[in-house]
2 protein chains.
Amino acid sequence: MNIGDVAQKAGLPPKTIRYYEDIGLITPLRDTNGYRVFRESDLHKLAFLGRARTLGFTIEDCRTLLALYEDDTRASADVKDLAQAHLAKIEDKITQLESMRDTLSNLVKSCAGDNRPDCPILSDLATGQH
Amino acid sequence: MNIGDVAQKAGLPPKTIRYYEDIGLITPLRDTNGYRVFRESDLHKLAFLGRARTLGFTIEDCRTLLALYEDDTRASADVKDLAQAHLAKIEDKITQLESMRDTLSNLVKSCAGDNRPDCPILSDLATGQH
DNA sequence: GATAGGGCCTCCAGTCGCTGGAAGGTCAAG
DNA sequence: CTTGACCTTCCAGCGACTGGAGGCCCTATC
């Protein structure tokens with residue numbers, strides 16, 4: 001398989017796949033013409049990576065997850081710990097964003113949105129007073 | 001005021017303030033010794049920027065917001081549009097993160113987290129099957 | 001007057017995870 | 001033989017800082 005095929009199948013752009021090789025997440029073979037040659041196992045890893053990234057794991061987390069995946073002597077506790085830590089970060093981010101959303105939506109509601117200059121959004125930003 | 005004082009008052013690191021000058025958000029004066037000299041108006045702008053950033057506005061949004069703030073002939077509609085667009089992006093992000101959170105928390109729940117290798121988290125990443 | 005410490009300066013590099021583009025080799029079809 | 005789609009490498013840029021090196025300035029103390 002060439003990079004285009006595997007990109008299609010894994011649902012990742014070729015650029016991303018080359019990048020993953022660069023940082024050592026995968027090591028496809030090479031044809032005599034210099035083209036990358038992907039085995040099934042490479043495709044499998046790429047799909048794994050794609051899903052892990054979709055769940056928001058960092059690249060370094062993905063590296064660890066791949067390593068755990070390939071180690072039959074792993075303890076599931078290690079995977080769970082990683083996932084739990086990541087989950088906690090996501091929950092923090094959600095909380096943060098929700099707070100932004102609440103403030104912003106109040107401000108938006110309170111703004112007339114007409115052609116006059118008076119604007120509670122700007123007043124709030126200027127003074128920090130709600 | 002020197003950068004240290006204004007950093008304290010505005011709640012922003014000196015590095016960030018220098019960066020804001022670099023990209024033209026503020027233009028403090030200079031003392032004969034080369035030190036930046038901040039006026040009240042600079043402090044005010046920095047506080048404004050800090051609050052806008054806290055609400056998640058991008059730097060370019062902040063630039064626009066500052067410009068609107070300083071233009072008495074603005075239409076509040078322009079501010080509101082900007083805020084609303086930003087709010088929509090935040091809501092999208094929240095939705096995305098919530099989906100990650102839900103998937104992840106299910107996976108975490110289903111994983112024993114002991115010293116055996118069997119792990120539904122890895123199985124899911126490997127196969128895309130829940 | 002020397003020195004120590006803190007604060008300030010600039011400039012460069014790195015963060016994260018790609019993404020775009022330039023310049024060029026390869027391959028299959030017509 | 002040419003066209004066009006693919007592949008290659010390498011370099012630069014995104015956003016919003018942040019860290020660090022190397023060096024000047026200012027004040028206080030000895």
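So you know, we letter chains A, B, ... as the sequences are listed, proteins then strands, and number each from 1. Atoms considered below: every heavy atom in the structure, side chains included; atoms not considered: hydrogens, waters and symmetry mates. Keep in mind it's a predicted model, so treat the numbers as computed, not measured.
Distance CG/B/Asp22 to CD1/B/Ile17: 12.5 Å, rounded to 0.5 Å. Note that CG of A/Asp61 and CZ of A/Arg53 are 9.5 Å apart. Values are rounded to the nearest 0.5 Å.
With DNA chain D read from its 5' end, the first of the two nearest nucleotides for A/Lys15 and A/Asp5 is the one closest to A/Asp5.
First and last contacting nucleotides of DNA chain D toward chain A (any atom under 4.0 angstrom from a heavy atom, 5' to 3' order): D/dC6 to D/dC10.
Shown for residues 85-101 of chain B: no residue has heavy atoms falling under 4.0 angstrom of DNA chain C. If you check residues 33-63 of chain A against DNA chain D, the residues with a heavy atom closer than 4.0 Å are A/Gly34, A/Tyr35, A/Arg36, listed by number.
Counting non-hydrogen atoms under 4.0 angstrom, A/Ile3 reaches the backbone sugars and phosphates but no base. Contact annotation for B/Pro13: backbone-only contact, meaning every heavy-atom pair under 4.0 Å involves sugar-phosphate atoms and none involves a base.
Screening B/His44, B/Glu21, B/Arg18 against B/Ile26 for a side-chain contact (heavy atoms from CB on, under 4.5 Å) leaves a single residue, B/Glu21.
Taking atom CD1 of A/Ile23 as the reference point, atom P of C/dT19 lies 13 Å away to the nearest angstrom. Put simply, OH on B/Tyr19 is 17 Å from C1' on C/dT10, counting in whole angstrom units. Going from atom CG of B/Asp22 over to atom P of C/dC11 covers 9 Å, rounded to whole Å.
Atom CD of A/Glu70 has more than 12 heavy atoms from other residues, nucleotides or ligands within 6.0 Å. More than 12 non-hydrogen atoms from other residues, nucleotides or ligands lie less than 6.0 angstrom from CZ of A/Arg39.
Side-chain N/O atoms of A/Ser76 and B/Asp118 include no donor and acceptor closer than 3.5 Å.
Salt bridge annotation for A/Lys45-A/Asp42: absent, with no cationic side-chain nitrogen under 4.0 angstrom from a carboxylate oxygen. By the 4.0 Å N-to-carboxylate-O rule, B/Lys93 lies too far from B/Glu98 to be salt-bridged with it. No salt bridge links B/Arg101 with A/Glu91; every basic N to acidic carboxylate O contact stays at or beyond 4.0 Å. Taking the charged nitrogens against the carboxylate oxygens, A/Glu60 and A/Arg63 do have a contact shorter than 4.0 Å, which makes a salt bridge.
Both B/Leu122 and A/Ile59 are assigned to one and the same hydrophobic cluster, defined by single-linkage of ILVMFWY side chains at heavy-atom distances under 4.5 Å.
Contact annotation: A/Thr16 does not reach the phosphate of C/dG17 (side-chain N/O to OP1 or OP2, under 4.0 Å). A close approach under 4.0 Å does not occur between any side-chain nitrogen or oxygen of B/Arg18 and OP1 or OP2 of C/dG7.
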